[in-house]
Amino acid sequence: VQLQASGGGLVQPGGSLRLSCVASGFTLDSYAVGWFRQAPGKERERVSCISSVEGISTDADSVQGRFTISRDNAKNTVFLEMNSLKPEDTAVYYCAAGREYIGDDFIFPPPEYTYWGKGTQVTVSS
């Protein structure tokens with residue numbers, strides 16, 4: 001059971017990258033999936049999260065209008081399209097999957113994440 005994040009790299013300010021998070025060993029469609037990032041010396045922050053329920057997602061204020069999260073359940077994959085990248089977006093990006101249903105309650109974003117992938121480095125620099 002694992003999540004594999006990929007797609008990071010070095011890009012100039014204003015550029016774009018598309019990150020992928022592929023699940024193996026379990027079916028991703030019953031989980032919410034979040035993208036997180038952690039820059040050196042800073043705390044980890046949630047960037048975006050997409051629900052298992054179609055049409056529900058949330059983004060951090062810092063990436064609103066620039067990042068788009070999506071999922072392809074047929075490919076067991078969640079994507080993060082990142083546009084208009086800024087130097088402050090530089091970080092290691094991680095994906096994680098968590099359950100939204102706690103008993104009869106639907107909680108989004110999920111309070112905790114069960115599976116975490118290894119990170120992919122995103123560097124925005126000229």
Side-chain angles (χ1 to χ4, degrees):
V1 173
Q2 66 175 357
L3 291 172
Q4 180 66 52
S6 63
L10 173 63
V11 64
Q12 291 187 343
S16 300
L17 283 173
R18 188 192 198 201
L19 305 185
S20 298
C21 175
V22 181
S24 59
F26 71 106
T27 303
L28 204 54
D29 63 1
S30 60
Y31 290 81
V33 177
W35 282 99
F36 297 78
R37 67 186 180 187
Q38 187 164 22
K42 294 187 177 181
E43 292 189 356
R44 185 176 64 199
E45 65 169 330
R46 191 187 66 235
V47 174
S48 294
C49 188
I50 189 165
S51 174
S52 62
V53 177
E54 187 175 358
I56 298 177
S57 66
T58 185
D59 301 309
D61 289 344
S62 58
V63 305
Q64 278 276 354
R66 299 189 299 121
F67 290 11
T68 302
I69 191 170
S70 62
R71 65 193 304 157
D72 184 339
N73 289 332
K75 296 181 178 179
N76 224 22
T77 302
V78 170
F79 304 98
L80 185 67
E81 186 76 35
M82 304 187 296
N83 298 313
S84 302
L85 283 162
K86 305 175 181 179
E88 52 263 42
D89 294 319
T90 295
V92 179
Y93 284 70
Y94 303 86
C95 61
R99 293 284 195 181
E100 300 160 283
Y101 289 94
I102 311 297
D104 293 332
D105 296 328
F106 176 79
I107 303 173
F108 179 80
E112 60 182 23
Y113 292 82
T114 306
Y115 303 113
W116 287 84
K118 293 182 180 179
T120 184
Q121 176 71 47
V122 172
T123 302
V124 185
S125 175
S126 55

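Because only heavy atoms are used, hydrogens play no part in the values below, and waters and symmetry mates are left out as well, while side chains stay in.
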Subject >> Donor-acceptor under 3.5 Å (T90 side chain, V124 main chain) >> reply: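 Checking the backbone N and O of V124 against the side chain of T90, a donor-acceptor pair under 3.5 Å is found.
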
**OP:** Could you note down all residue pairs passing ring pair (Phe, Tyr, Trp, His ring centres under 6.0 Å) where residues 58-96 supplies at least one of them, sequence neighbours left out?
**Re:**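 Checked against ring pair (Phe, Tyr, Trp, His ring centres under 6.0 Å) - neighbours excluded - no pair reaches residues 58-96.
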
Original post:
Got a sec, which residues hit side-chain hydrogen bond (donor to acceptor under 3.5 Å, both in side chains) with T123, two or more places apart in sequence or on another chain?
Top reply: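 Result, side-chain hydrogen bond (donor to acceptor under 3.5 Å, both in side chains) vs T123: Q121.
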
**OP:** Name all residues meeting the side-chain hydrogen bond (donor to acceptor under 3.5 Å, both in side chains) criterion together with Q2; count only those two or more places apart in sequence or in a different chain, and write none if there are none.
**Re:**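 Scan of Q2 (side-chain hydrogen bond (donor to acceptor under 3.5 Å, both in side chains), adjacent residues dropped) gives none.
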
Flag yes if [X] and [Y] sit in one hydrophobic cluster, no otherwise; membership is Ile, Leu, Val, Met, Phe, Trp, Tyr, and two members link when side-chain heavy atoms are under 4.5 Å apart.
{"X": "Y115", "Y": "F108", "result": "no"}
{"X": "W116", "Y": "V78", "result": "no"}
{"X": "Y113", "Y": "V92", "result": "yes"}

Original post:
Distance from Q4 atom CD to T77 atom OG1, nearest 0.5 Å?
Top reply: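 Answer for the CD-OG1 pair, Q4 versus T77, is 11.0 Å.
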
Subject >> Nearest-0.5 Å distance that lies between atom OG in S125 and atom CG in D89 >> reply: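 S125 atom OG to D89 atom CG measures 12.5 Å (nearest 0.5 Å).
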
If every non-hydrogen atom of [X] is compared with every non-hydrogen atom of [Y], which pair is closest and at what distance?
{"X": "P109", "Y": "C49", "answer": "CB-SG, 4.1 Å"}
{"X": "I50", "Y": "R71", "answer": "O-NH1, 3.7 Å"}
{"X": "C95", "Y": "A5", "answer": "SG-CB, 4.0 Å"}

Find out whether [X] and [Y] are in side-chain contact, i.e. whether some heavy atom of one side chain is under 4.5 Å from a heavy atom of the other.
{"X": "M82", "Y": "V47", "result": "no"}
{"X": "V63", "Y": "R37", "result": "yes"}
{"X": "S62", "Y": "E88", "result": "no"}

Name the atoms and distances for all side-chain donor-acceptor pairs under 3.5 Å in residues 52-61, with sequence neighbours left out.
{"from": "S52", "atom 1": "OG", "to": "E100", "atom 2": "OE1", "distance (Å)": "2.5"}
{"from": "D59", "atom 1": "OD1", "to": "S48", "atom 2": "OG", "distance (Å)": "2.7"}

Subject >> Other cluster members, I102 - Ile/Leu/Val/Met/Phe/Trp/Tyr, side-chain contacts below 4.5 Å >> reply: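 Traced through the cluster, I102 reaches I107.
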
Original post:
Is the number of heavy atoms from other residues, nucleotides or ligands under 6.0 Å of E112 CD greater than 12?
Top reply: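 Not buried by this count: 12 neighbours or fewer within 6.0 Å.
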
If you look only at distance, which donor and acceptor atoms sit under 3.5 Å apart when one is on a side chain in residues 16-34 and the other is two or more places apart or in another chain?
{"from": "S16", "atom 1": "OG", "to": "N83", "atom 2": "OD1", "distance (Å)": "2.8"}
{"from": "S30", "atom 1": "OG", "to": "R99", "atom 2": "NH1", "distance (Å)": "3.1"}
{"from": "Y31", "atom 1": "OH", "to": "R99", "atom 2": "NH2", "distance (Å)": "3.4"}

